[in-house]
4 protein chains.
Amino acid sequence: MSGTLNKVILIGNLGDEVKMHYFDDKNCVGRFPIATSESYVSKQTNERITNTEWHNIVVRNKAAEICEKYLSKGDKIYVEGKIKTRKWTDDKGMERYSTEIQCNEFTFLTPKADQQNSAPQPQNTSQNTASAQQTSANAPVDDNDDLPF
Amino acid sequence: MSGTLNKVILIGNLGDEVKMHYFDDKNCVGRFPIATSESYVSKQTNERITNTEWHNIVVRNKAAEICEKYLSKGDKIYVEGKIKTRKWTDDKGMERYSTEIQCNEFTFLTPKADQQNSAPQPQNTSQNTASAQQTSANAPVDDNDDLPF
Amino acid sequence: MSGTLNKVILIGNLGDEVKMHYFDDKNCVGRFPIATSESYVSKQTNERITNTEWHNIVVRNKAAEICEKYLSKGDKIYVEGKIKTRKWTDDKGMERYSTEIQCNEFTFLTPKADQQNSAPQPQNTSQNTASAQQTSANAPVDDNDDLPF
Amino acid sequence: MSGTLNKVILIGNLGDEVKMHYFDDKNCVGRFPIATSESYVSKQTNERITNTEWHNIVVRNKAAEICEKYLSKGDKIYVEGKIKTRKWTDDKGMERYSTEIQCNEFTFLTPKADQQNSAPQPQNTSQNTASAQQTSANAPVDDNDDLPF
DNA sequence: TTTT
DNA sequence: TTTT
């Protein structure tokens, strides 16, 4: 309901490999961090400052498997998704929050020499980006987990 | 393939009613113009200048029918889609181009008093926006038309 | 440097009033939460599920003052910005993280009766949205704070 | 005015070199086409169909000079801007329209070996993307041209 | 932890 | 006219 929108658009580099987590033989998630960075010259010290922001990307099912297969640490990727902050309780019983990007579309930006003759980039009909939407649409169980892992 | 992206994000007001065009009993398109405007104060004349840009929105199938049912001239809408420039030949045999926005997601921004208790806003599972993607996905015939209308 | 992008696009409703925090007579931040929601019908229970996501919006300087002046709890707003996760230490010495949206462009979506003849919507030259970029550009001290507040 | 938004987000490859047009020693525009493509397998013929869409990018002043200096045909770029359709009269006195993307932010996505030690990617303070906004802000004359060129 |  |  309600005329709202929650959209994130990122271009960044993987800081680590895709980590898969299987719920059963059909449902899984892949997780990986990507870094975005901005830099500027400080007016006070005249030195270049670089700030890096890390984003926890979560991708589901078939899209996750494509990411695991084709993405490596260091690769550049375009990610579109939505922000989700999850609440969990740490081992001291404290409430904790972690924010992740639930990816529903992506496109690889690192050219792969070895991808030329093999299966390269996933597609969907609407655009040459991979859509995680359909694959996640029939995975309601994925939305039930509220455990940190 | 190819790591490209073609995305348009608009918030604007309908300049006219949604015009439907049926191909058969299952496939249709709806078309409507929306206006975006920007204004600024001219440094030369000190007067306020407003520029209005008109966008031709095209939406397909079920999404089109939802738009026709709930949108009226003047309403504000969020539209997401892609740019498509179509080539056609005018009655003098001249090549002409027209650019349209093929909408694949939208959300209504005008509160409807009468929508409160009736069917209000379309939804999809991924977000509270309507997705035209699924409905158009199985309508390949829609992509065959290259006629201006 | 580095060809990355960190962009968030939200349409949501304010869950509270804008809270201002002044650093000095020129530099300030405004903070307010906005909610986005999505809903769907569960295939298992057949009931409608609504998930609400809260986003902490941070806006600076002149843009903050405009928000404080014209926005109220419940209003709908378009916000564009970037994700920033800040690390802080709680009173037990634990490391904590909180994610906020640093807003650099916004546009009000709730029609205001009383705004019609008074100063309504902020503008900038590039578009009819308010840009927090320029105002924050000359406020480097704003970027030095790493305290939770 | 009015709570509207006109935003385009593209990732594509240059189909040609950047063409510069100088108005005077301070004001200029750069123009270049970028291609986005989508592909899918036809359900009818089972063959792969690729559709390419061409976008005319317009960038101003300092940003234009940066593009001219660092971009070449074939390079991949992220472009953010707004849609503008310009009306002009052809040599037969017919009204013609052409749609272009007025770029106000971009980031280069093709790694440049030779950019490593020289001035690589433009930046601004808000993010590691180049902003054409400031540079074009003080170039009101640029907005007066309504000539096709 | 990435990248330039 | 690009790219994969």
Side-chain angles (χ1 to χ4, degrees), chain A residues 10-19 31-41 48-57 70-79 107-123 127-130, chain B residues 1-6 85 87, chain C residues 1-6 85 87, chain D residues 10-19 31-41 48-57 70-79 107-123 127-130:
Chain A
L10 302 171
I11 296 174
N13 300 287
L14 271 78
D16 200 356
E17 302 298 328
V18 178
K19 299 287 166 53
R31 291 171 176 272
F32 56 89
I34 70 172
T36 57
S37 57
E38 56 179 331
S39 85
Y40 60 93
V41 175
R48 175 157 295 277
I49 310 292
T50 296
N51 288 325
T52 296
E53 188 70 25
W54 287 98
H55 310 269
N56 297 311
I57 310 300
Y70 293 107
L71 282 178
S72 300
K73 185 174 173 174
D75 282 353
K76 182 158 286 184
I77 187 176
Y78 166 87
V79 165
T107 202
F108 302 153
L109 296 174
T110 294
K112 304 269 170 169
D114 44 327
Q115 277 184 14
Q116 282 182 335
N117 301 315
S118 55
Q121 180 94 215
Q123 345 258 346
Q127 203 169 279
N128 67 320
T129 42
Chain B
M1 197 279 297
S2 85
T4 67
L5 180 76
N6 175 355
T85 297
K87 189 183 184 176
Chain C
M1 198 276 300
S2 84
T4 67
L5 181 76
N6 174 355
T85 296
K87 189 184 186 175
Chain D
L10 303 171
I11 296 174
N13 299 286
L14 271 78
D16 200 354
E17 302 297 328
V18 179
K19 299 288 166 54
R31 292 171 176 272
F32 55 90
I34 70 172
T36 57
S37 57
E38 56 179 331
S39 84
Y40 59 94
V41 175
R48 174 157 295 277
I49 309 291
T50 295
N51 288 325
T52 296
E53 188 69 26
W54 287 97
H55 310 270
N56 297 310
I57 311 300
Y70 294 107
L71 283 177
S72 300
K73 186 173 171 174
D75 283 352
K76 182 158 286 185
I77 188 176
Y78 165 87
V79 165
T107 202
F108 302 153
L109 296 174
T110 294
K112 303 271 171 166
D114 45 325
Q115 276 184 15
Q116 282 182 335
N117 301 314
S118 54
Q121 181 96 210
Q123 344 258 345
Q127 204 168 278
N128 68 320
T129 41

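Because only heavy atoms are used, hydrogens play no part in the values below, and waters and symmetry mates are left out as well, while side chains stay in. Proteins get letters first, then strands, A, B, ... in listed order; numbering begins at 1 in each.
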Value in whole Å for how far the [atom2] atom of [N] lies from [atom1] of [X]:
X       : N     : atom1 : atom2 : value
D:Phe32 : F:dT2 : CZ    : C1'   : 12 Å
D:Tyr78 : F:dT2 : OH    : P     : 25 Å
D:Leu10 : F:dT2 : CG    : C1'   : 13 Å
A:Asn51 : E:dT1 : CG    : P     : 17 Å
A:Lys76 : E:dT1 : NZ    : P     : 20 Å
D:Ile34 : F:dT2 : CD1   : P     : 14 Å
A:Ile57 : E:dT2 : CD1   : P     : 16 Å
D:Leu71 : F:dT1 : CG    : C1'   : 15 Å

Practice problem: Record whether the side chain of C:Thr4 comes under 3.5 Å of the base of E:dT3 through a donor-acceptor pair of N or O atoms. | Solution: no

How close do [X] and [Y] get, heavy atom to heavy atom, and via which atoms?
X       : Y        : answer
A:Ile77 : A:Leu71  : CD1-CD1, 3.6 Å
D:Ala35 : D:Thr52  : CB-CG2, 3.8 Å
B:Thr4  : A:Thr107 : N-OG1, 4.1 Å

Exercise. Looking at every strand, decide which applies to D:Lys73 at a 4.0 Å heavy-atom threshold: base, sugar-phosphate, or nothing.
Key: sugar-phosphate

Practice problem: For A:Trp54 and E:dT1, say yes or no: do the ring centres fall under 5.5 Å of each other while the ring planes differ by less than 30°? | Solution: yes

Quiz prompt | Validation row: C:Asn6, A:Leu10 side chains within 4.5 angstrom (heavy atoms) | solution = yes

Exercise. Measure from the side chain of A:Asp16, starting at C-beta and using heavy atoms only, and say which of E:dT1, E:dT2, F:dT3 lies closest.
Key: E:dT1

